[in-house]
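We name chains A, B, ... by the order of the sequence lines, and we start the count at 1 in each one.
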2 protein chains.
Amino acid sequence: MPTERTSAGDPARTLQLLWQDSPADRPKGPRRGLTVAAVVTAATGVADAEGLDALTMRRVAKDLGVVPMTLYTYVPGKAELLDLMLDAAYRRMPRADTAGAPWRDRLTAVAEENRALYARHPWAAAVSTARPPLGPGLMAKYEHELAALDGLGLDDVTLDACLTHLLTFVQAWARAAADARAAEQDSAMDDRQWWEANGPLLARVLDEEAYPLAVRVGAAAGAAHGGAYDPEHAYTFGLGRVLDGFAPLIDG
Amino acid sequence: MPTERTSAGDPARTLQLLWQDSPADRPKGPRRGLTVAAVVTAATGVADAEGLDALTMRRVAKDLGVVPMTLYTYVPGKAELLDLMLDAAYRRMPRADTAGAPWRDRLTAVAEENRALYARHPWAAAVSTARPPLGPGLMAKYEHELAALDGLGLDDVTLDACLTHLLTFVQAWARAAADARAAEQDSAMDDRQWWEANGPLLARVLDEEAYPLAVRVGAAAGAAHGGAYDPEHAYTFGLGRVLDGFAPLIDG
DNA sequence: CCTGTACGCAGTACATTGTACATCGTACGG
DNA sequence: CCGTACGATGTACAATGTACTGCGTACAGG
């Protein structure tokens, strides 16, 4: 099961698809029953509703009423389809204009936009973008987010590093939240039930003398969040730390 | 391809394996040719050398000179095997004693220990620990890392949140670094070659008027790191931001 | 109008995965 | 000395991405 990754296909073909470089309709042959956009939309629908694991070529084809192999006349393969899905998702992101606002508000807005992206498309958090899909969606997103950090006195390299750091935090958080939801679904146990199932067993082997801090802090954290992982708290706390981490660079 | 996840199996059985609750040898039947530890070691070796994708039950069995199904007499399934692998890796982590050192040094040491873990076991970064393997390795790790943050005036809930934030950063960084390496291997192109392949094609469609910041900052960042993603810089910069983010909470 | 050809669509097929199931053989307790 | 419990084996299945092979369609040139 390879990790899902963008830009795993042929660069030229992928870029052509991303920028729709060839609107030149082929006159020969039977009429096309679908469009690339329709395939991307269907695939996104599957991934949104049932996760990346459920995103199979067979499933997308079924939703479109065609046989699996038909998809391959629109898209070179699953890797390129993922690129198209992600760039399209980027393209659809709302981009609030926060020009003139304090920098913390501007960066908070960027974080929120990304959080909303992952809320709408949880699968997007799981995709590795070591080599991003170089499409119009990513470009618009990058330009917009750089603007939120521009003019604060940071040099370009630091500016890029700050943006990467912020986006890495939001993505890591989204992954953790999605993983928690997935674990809950797969095990048919919520966090509380899971701890209730493990706690007594763990207590039998766990030497409280050996792990005093773990027991004390673990209990406190568990009690504070109702015994469960609390994504909301992790996000709020983490974003605060990230912004405080930027302050020395920006405020001087 | 489900996301790799810990604690996906039966809690009771998993905990028993993790804590080796039943050293009671069964007298009946043929002698056991292997041990659970041998299976875990072999599996870790495969994952270390060739990544999680290459970690298949067949492959581990082959390395051990047995038929795939034999593994199932030692381990309930692949999910539990992953738990054992991860907890064992946690158990083997060196834990430096930094008592008395300044808090930044102590947290830097924790970060370094985790970075070393992911350097030795890149697959560990990819495993979701939404529900961690509750074994002796994790407990020792948790206790040790809490100690690095204890006594700084943080309440227990904040202490736990800070540790989570730090570990999330290191893991996210390790994932990015591993993804970059994997992309390089799979595509047989390093970052520079990839950009050389995509750059000219991208230039044809990319309107520089439309994305001035992206072009400017992208060029600057690319030039600074030799045209490639620079994990070392991302780690150093990111860890600095994380620690600066804690400063207001700790230094007051 | 007619026909050749290029191309969209469909069906079959294969390698790879985790693991359920049934079978076989071993070696200790009585 | 032998029954039985249990470890090891081999076969089998469902799901996946996608290569390959046809089949039929519909436009271009005559």
Side-chain angles (χ1 to χ4, degrees), chain A residues 1-5 8-10 13 17 22 24-39 42-43 46-47 50-85 123 186, chain B residues 1-6 8-10 13-14 17 22 24-39 42-43 46-47 50-85 123 186:
Chain A
M1 69 200 49
T3 304
E4 308 288 357
R5 181 178 15 255
D10 175 48
R13 186 97 171 72
L17 278 166
S22 66
D25 289 18
R26 311 270 191 328
K28 283 292 185 61
R31 219 149 299 167
R32 315 206 74 178
L34 301 170
T35 62
V36 174
V39 173
V46 172
E50 302 172 47
L52 264 194
D53 296 353
L55 179 66
T56 68
M57 298 301 269
R58 284 171 170 81
R59 178 62 200 283
V60 175
K62 196 175 167 188
D63 283 10
L64 289 167
V66 295
V67 92
M69 287 312 294
T70 299
L71 301 181
Y72 288 85
T73 67
Y74 295 90
V75 160
K78 201 188 180 187
E80 291 83 354
L81 177 55
L82 248 186
D83 280 29
L84 294 172
M85 290 168 62
W123 51 270
D186 289 2
Chain B
M1 64 201 52
T3 303
E4 307 288 356
R5 180 176 18 253
T6 54
D10 174 46
R13 186 97 171 72
T14 305
L17 278 167
S22 65
D25 291 18
R26 310 271 191 326
K28 282 292 185 63
R31 218 150 299 166
R32 314 208 75 179
L34 302 169
T35 63
V36 175
V39 174
V46 172
E50 303 173 45
L52 263 194
D53 297 352
L55 179 66
T56 68
M57 298 301 269
R58 284 170 171 82
R59 178 63 201 281
V60 175
K62 197 176 168 189
D63 282 11
L64 289 168
V66 296
V67 94
M69 287 312 292
T70 300
L71 302 181
Y72 289 86
T73 68
Y74 295 89
V75 159
K78 199 187 182 186
E80 291 82 355
L81 177 55
L82 248 185
D83 279 29
L84 294 173
M85 290 168 62
W123 52 268
D186 289 4

Pick out the pairs of N or O atoms, protein on one side and nucleotides 19-23 of chain C on the other, that lie under 3.5 Å.
residue	atom	partner	partner atom	Å
dT19(C)	OP2	Y72(B)	OH	2.9
dT19(C)	OP2	K78(B)	N	3.1
dT19(C)	O4	R58(B)	NH2	3.3

Inset, instruction - Identify, between R31(B) and A54(B), the residue whose nearest nucleotide on DNA chain C lies closer to the 5' end. - result: A54(B)

Please state how far atom [atom1] in [X] lies from atom [atom2] in [N], giving the value in whole angstrom units.
| X | N | atom1 | atom2 | answer |
| --- | --- | --- | --- | --- |
| L52(A) | dT16(D) | CG | C1' | 15 Å |
| L34(B) | dA8(D) | CG | P | 6 Å |
| L71(B) | dG10(D) | CG | P | 14 Å |
| R59(B) | dA15(C) | CZ | P | 20 Å |
| L64(A) | dC9(C) | CG | P | 11 Å |
| D53(B) | dG18(C) | CG | C1' | 15 Å |
| Y74(A) | dC9(C) | OH | C1' | 9 Å |

Legend entry - Sugar-phosphate, base or nothing in reach of L81(B), heavy atoms under 4.0 Å: nothing

Inset, instruction - Look at all strands and tell whether T56(A) reaches a base, only sugar-phosphate, or nothing, counting heavy atoms closer than 4.0 Å. - result: sugar-phosphate

Legend entry - Pairing residues for R13(A) by the side-chain hydrogen bond (donor to acceptor under 3.5 Å, both in side chains) criterion, not counting sequence neighbours: none

Legend entry - Residues that R58(B) engages under side-chain hydrogen bond (donor to acceptor under 3.5 Å, both in side chains), provided they are two or more places apart: none

Quick one: list whatever passes side chain to side chain contact (heavy atoms under 4.5 Å, CB included) with [X], sequence neighbours left out.
| X | answer |
| --- | --- |
| A61(B) | V66(B), P68(B), L71(B) |
| A54(B) | V46(B), E50(B) |
| T14(B) | L18(B), E80(B), D83(B) |

Legend entry - Side chains of K78(B) and L82(B) in contact at under 4.5 Å (non-hydrogen atoms): no

Legend entry - Closest non-hydrogen atom pair, L84(B) against V36(B): CD1-CG1, 3.9 Å

Legend entry - Listed nucleotide nearest any side-chain atom of T73(A), set dT9(D), dC9(C), dA8(D): dC9(C)

